[in-house]
Protein chains: 2
Amino acid sequence: MITLEDVAAFAGVSRATVSRVVNGDSKVKAATRSKVEAAIAEMGYSPNPAARALASNQSQMLGLVTPSYGGGFFGALMDSVQSEAEASGKQLLVTQGRDSADNEWQAIQRLYNLRCDGAILHVRALSDEKLCRLAQDGRQFVVLDRQISGLEDRCISFDHYQASQLAAQTLLARGHRQIACISGPKSRVSSRIRRQGFLDAMQEAGIEPVACMEGDYDLQSGYQQADLLLRQHRPGALYCCNEEMALGALLAISEHRLSIPQDISVICYDSGERAAFVRPALTSIHFPITDMARFATRLLLTPDAPRETFAPRLIERDSVRSV
Amino acid sequence: MITLEDVAAFAGVSRATVSRVVNGDSKVKAATRSKVEAAIAEMGYSPNPAARALASNQSQMLGLVTPSYGGGFFGALMDSVQSEAEASGKQLLVTQGRDSADNEWQAIQRLYNLRCDGAILHVRALSDEKLCRLAQDGRQFVVLDRQISGLEDRCISFDHYQASQLAAQTLLARGHRQIACISGPKSRVSSRIRRQGFLDAMQEAGIEPVACMEGDYDLQSGYQQADLLLRQHRPGALYCCNEEMALGALLAISEHRLSIPQDISVICYDSGERAAFVRPALTSIHFPITDMARFATRLLLTPDAPRETFAPRLIERDSVRSV
DNA sequence: CTGAAAGCGCTAACAG
DNA sequence: CTGTTAGCGCTTTCAG
């Protein structure tokens with residue numbers, strides 16, 4: 001491996017000067033700079049990140065903690081974060097939180113032991129207190145899809161309650177009255193919030209839901225719960241709390257020989273992977289997780305970046321009819 | 001941040017000794033060792049990876065280049081590689097090749113510039129020559145799902161031709177004669193191989209395929225091609241060259257009011273994410289990519305690890321009937 | 001604008 | 001078994 005020193009010797013300057021041009025320091029005469037740049041190109045020099053990290057006490061690495069690697073969701077999130085990070089010359093280190101507070105905590109510690117300069121935390125089991133303590137310890141991080149009092153300026157959140165209300169209201173506004181829902185596991189706060197938003201919107205309209213099933217956010221549970229639902233009831237509309245379950249529900253609906261939206265309308269959460277790509281394209285409430293992740297990364301890199309907000313938005317496609 | 005030196009002072013030994021216990025060097029008296037370990041625990045010491053990398057010229061990082069982050073496939077692959085890497089105390093750096101030779105090459109270079117100790121390459125656009133050159137340059141790497149002459153000992157491959165033959169033969173053996181196929185894009189070598197395996201098996205049996213559609217390995221193309229297929233023909237069996245397209249095909253089949261396997265049998269590639277989880281569970285040819293990835297990682301870490309082979313295997317589930 | 005010099009925290013001979 | 005001594009390749013004052 002060729003080093004700074006080699007380049008300096010070749011270019012006939014000091015190591016400090018090479019370091020300056022590599023780091024884009026302005027205080028270098030143009031002639032010197034180009035001489036050095038030529039040497040760098042010629043020799044194919046590439047700085048040693050370890051040496052750089054050691055000397056500067058900055059690893060140029062960002063950490064990302066995500067619940068799991070499953071589902072199409074994760075890849076999109078990672079892509080989003082990584083492209084933003086790389087645009088600033090940072091590397092990304094990814095770990096799984098696996099939905100347990102202990103694991104999430106360990107994942108975070110691992111990241112900091114690795115000397116990440118900062119981290120994007122998509123954690124749901126870890127307590128607010130732990131996160132606050134982390135902040136007090138001077139750790140750089142932002143929290144994705146969560147609101148923590150005292151840490152508002154580091155939280156990128158989304159109003160799931162409102163999103164679910166919007167889903168129910170959309171169905172209601174189209175004249176539906178026989179409405180069912182497949183929610184995520186009640187064990188998770190965020191699932192309960194989505195569920196509640198739906199329930200409250202229904203209650204506000206004075207309509208009793210046909211059913212409110214509990215799924216697990218995966219394809220299989222979407223299928224199972226929809227199948228169960230259709231065996232017992234005959235809802236005119238169904239709200240699925242994520243895309244993957246909606247896909248499962250689609251399979252079940254087809255199997256029951258029902259057409260969308262003629263026999264049953266479907267609306268779902270939409271994180272951008274699939275809702276638009278199935279037929280009929282699914283009307284959905286957009287959950288802009290990739291935009292949120294992108295902004296989270298930006299915020300981590302530039303703490304004074306202008307604040308962005310992310311509101312639930314209805315995307316009308318072909319799976320909801322008016323009655 | 002607390003350093004080796006701090007621990008040494010606290011424990012009343014030299015830095016070298018602390019280094020030895022941290023690195024599990026055996027030549028340390030038990031009493032000294034426990035004294036040091038106590039100090040480490042007490043102080044919450046964690047070695048600085050940059051300093052370690054600089055001094056030892058080993059980053060303890062492994063690189064992974066993968067075509068993209070889309071699909072359920074990628075998460076499983078990454079999970080597999082990462083858990084194997086972490087078991088050996090290595091960190092993982094992931095990049096996307098994006099199906100272009102230039103991008104793949106750049107991704108690889110980036111990884112080595114980052115001083116990865118080795119890399120797992122899942123690249124399909126990059127030429128064999130480039131890969132051979134990389135090997136000549138003394139780079140450590142293994143190649144996933146590909147066979148390169150001259151690099152046999154670094155390649156973890158899978159016989160896609162045989163896998164596709166097996167799919168066709170299975171259908172044939174069950175008495176099917178009206179058989180169609182949805183393959184991947186012809187622009188990719190590996191897709192063409194799968195396609196050819198199917199075609200050859202059919203020809204060998206003296207049966208003309210009903211059709212052989214070209215998809216794009218995604219949900220949407222699976223749906224579209226299946227829909228197209230069903231509008232024009234009435235196949236008794238369908239072979240989909242990956243899971244995602246099979247899922248799309250399922251949607252189209254349902255929409256055409258056809259039942260699986262009563263009206264149409266379906267067999268597909270199975271990378272382990274979904275085939276088992278839809279209803280009916282899909283009979284499939286298992287493509288053990290996660291096992292292959294795990295082994296690839298092991299091979300990278302232990303070049304003399306006992307060789308494993310990965311053969312296509314039929315998993316009978318509920319989507320193929322006998323006629 | 002450029003160079004000299006002092007580390008960053010750790011590993012790895014080499015002595016003892 | 002343990003300590004001493006050099007660096008690893010880079011950044012960063014501080015002079016000039």
Side-chain angles (χ1 to χ4, degrees), chain A residues 1-40 43-61 88-91 110 112-117, chain B residues 1-40 43-61 88-91 112-117 138:
Chain A
M1 275 284 72
I2 116 131
T3 72
L4 231 207
E5 177 125 41
D6 301 330
V7 176
F10 188 93
V13 298
S14 74
R15 295 179 307 163
T17 299
V18 179
S19 175
R20 287 189 186 102
V21 348
V22 167
N23 293 292
D25 191 318
S26 57
K27 293 173 286 283
V28 179
K29 205 202 299 176
T32 316
R33 176 185 302 282
S34 50
K35 200 167 53 178
V36 173
E37 279 167 347
I40 290 176
M43 310 181 80
Y45 167 69
S46 156
N48 182 324
R52 199 190 273 231
L54 186 58
S56 68
N57 198 31
Q58 290 204 124
S59 66
Q60 306 290 11
M61 308 201 111
S88 300
K90 311 288 181 188
Q91 267 310 305
R110 210 178 319 140
Y112 287 120
N113 284 342
L114 256 11
R115 305 300 193 270
C116 281
D117 296 332
Chain B
M1 277 283 72
I2 117 135
T3 72
L4 229 207
E5 176 126 44
D6 300 330
V7 176
F10 187 94
V13 298
S14 74
R15 295 179 307 163
T17 300
V18 179
S19 176
R20 287 187 186 104
V21 349
V22 167
N23 293 293
D25 191 318
S26 57
K27 294 174 285 286
V28 179
K29 205 201 299 177
T32 315
R33 175 185 303 281
S34 50
K35 200 168 52 176
V36 172
E37 280 167 346
I40 289 176
M43 309 180 80
Y45 167 70
S46 157
N48 182 324
R52 199 188 272 228
L54 186 58
S56 68
N57 199 29
Q58 290 204 125
S59 66
Q60 307 289 12
M61 308 201 110
S88 300
K90 311 289 182 187
Q91 266 310 304
Y112 287 120
N113 284 343
L114 256 11
R115 306 299 193 269
C116 281
D117 297 331

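Labels below follow one simple rule: chain letters A, B, ... track the order of the sequence lines, proteins then strands, and each chain is numbered from 1.
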Asker: From the set C:dG9, D:dT12, C:dT11, return the single nucleotide nearest to any side-chain atom of B:R52.
Answerer: C:dT11

Asker: On the nucleotide D:dC10, are OP1 or OP2 found under 4.0 Å from the side-chain N or O atoms that A:S19 carries?
Answerer: no

Asker: Measure the distance from CG on B:L54 to C1' on D:dT11 and round it to the nearest whole Å.
Answerer: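 The answer, rounded to whole Å, is 12 Å.
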
Asker: By nearest heavy atom, map A:A30 and A:R15 onto DNA chain C; which one lands nearer the 5' end?
Answerer: A:A30

Asker: From C-beta outward on B:A55, which listed nucleotide comes closest to its side chain: C:dT2, C:dA4, C:dT11?
Answerer: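 For B:A55, the side-chain atoms sit closest to C:dT11.
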
Asker: Look at the side chain of A:N23 and the backbone N and O of A:D25, then say whether any donor-acceptor pair between them is shorter than 3.5 Å.
Answerer: no

Asker: Name the closest nucleotide to the B:T32 side chain, picking from D:dT2, C:dC10, D:dT12.
Answerer: D:dT2

Asker: Identify the two heavy atoms, one from B:M1 and one from B:D6, that lie closest to each other, and give their separation to 0.1 Å.
Answerer: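 In this case the closest contact between B:M1 and B:D6 is O-OD2, 4.3 Å.
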
Asker: Expressed in angstrom and rounded to an integer, what is the separation of B:Q58 atom CD from D:dC8 atom P?
Answerer: 17 Å

Asker: Contact class for B:N57 vs. all strands (heavy atom < 4.0 Å): base, sugar-phosphate, or nothing?
Answerer: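 Here B:N57 touches no strand at all.
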
Asker: Over all heavy atoms of both residues, which pair between A:P49 and B:R115 is shortest? Give the atoms and the distance, please.
Answerer: CD-CG, 3.6 Å

Asker: Roughly how many Å is it from CD in B:E5 to P in C:dT11, rounded to a whole number?
Answerer: 13 Å

Asker: With nearest nucleotide decided by heavy atoms, which residue, A:A50 or A:A16, maps closer to the 5′ end of DNA chain D?
Answerer: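 First, find each residue's nearest nucleotide; the 5'-ward one identifies A:A50.
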
Asker: I need the CZ-P distance between B:R33 and D:dC1, as an integer number of Å.
Answerer: 9 Å

Asker: Scan A:V13 against the nucleic acid and name what it touches under 4.0 Å (heavy atoms): base, sugar-phosphate only, or nothing.
Answerer: sugar-phosphate

Asker: Of all the nucleotides listed (D:dT12, D:dG9, C:dT2), which has the minimum atom distance to the side chain of A:S56?
Answerer: D:dT12

Asker: Grab the CG-C1' distance between B:L4 and D:dT4 for me, whole Å please.
Answerer: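 The answer, rounded to whole Å, is 15 Å.
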
Asker: Where do B:T32 and B:V28 come nearest, in terms of heavy atoms and distance?
Answerer: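 Heavy-atom minimum between the residues: CB-CG1, 4.0 Å.
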
Asker: How close or far is atom C1' of C:dC1 from atom NZ of A:K27, stated in whole angstroms?
Answerer: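 Rounding to the nearest Å, NZ of A:K27 and C1' of C:dC1 are 10 Å apart.
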
Asker: If only atom types and distance count, is the side chain of B:R20 paired as donor or acceptor with the main-chain N or O of B:V18 below 3.5 Å?
Answerer: no

Asker: Nearest heavy atom decides the nucleotide; on that basis, is B:G12 or B:A51 closer to the 5' end of DNA chain D?
Answerer: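 Mapping each residue to its closest nucleotide by heavy atoms, the 5'-most match is B:G12.
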
Asker: Using only heavy-atom distances, decide whether a donor-acceptor pair under 3.5 angstrom links the side-chain of B:R20 to the base of D:dG3.
Answerer: yes

Asker: Please give, in whole Å, the distance from D:dC10 C1' to B:N48 CG?
Answerer: 13 Å

Asker: Measure across B:V22 and B:P47 and return the closest heavy-atom pair with its distance rounded to 0.1 Å.
Answerer: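 Answer, listing the atom of B:V22 first, then B:P47: CG1-CG, 4.0 Å.
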
Asker: Let's see if you can work this out: which of D:dT2, C:dG7, C:dA4 has an atom nearest to the side-chain heavy atoms of A:S14?
Answerer: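 Nearest nucleotide to the side chain: C:dA4.
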
Asker: Please report, rounded to the nearest Å, how far the C1' atom of D:dG3 is from the CG atom of B:D25.
Answerer: 14 Å

Asker: Let's see if you can work this out: which of C:dC1, D:dT2, D:dT11 has an atom nearest to the side-chain heavy atoms of A:N23?
Answerer: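 Nearest to the side chain of A:N23 among the choices is D:dT11.
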
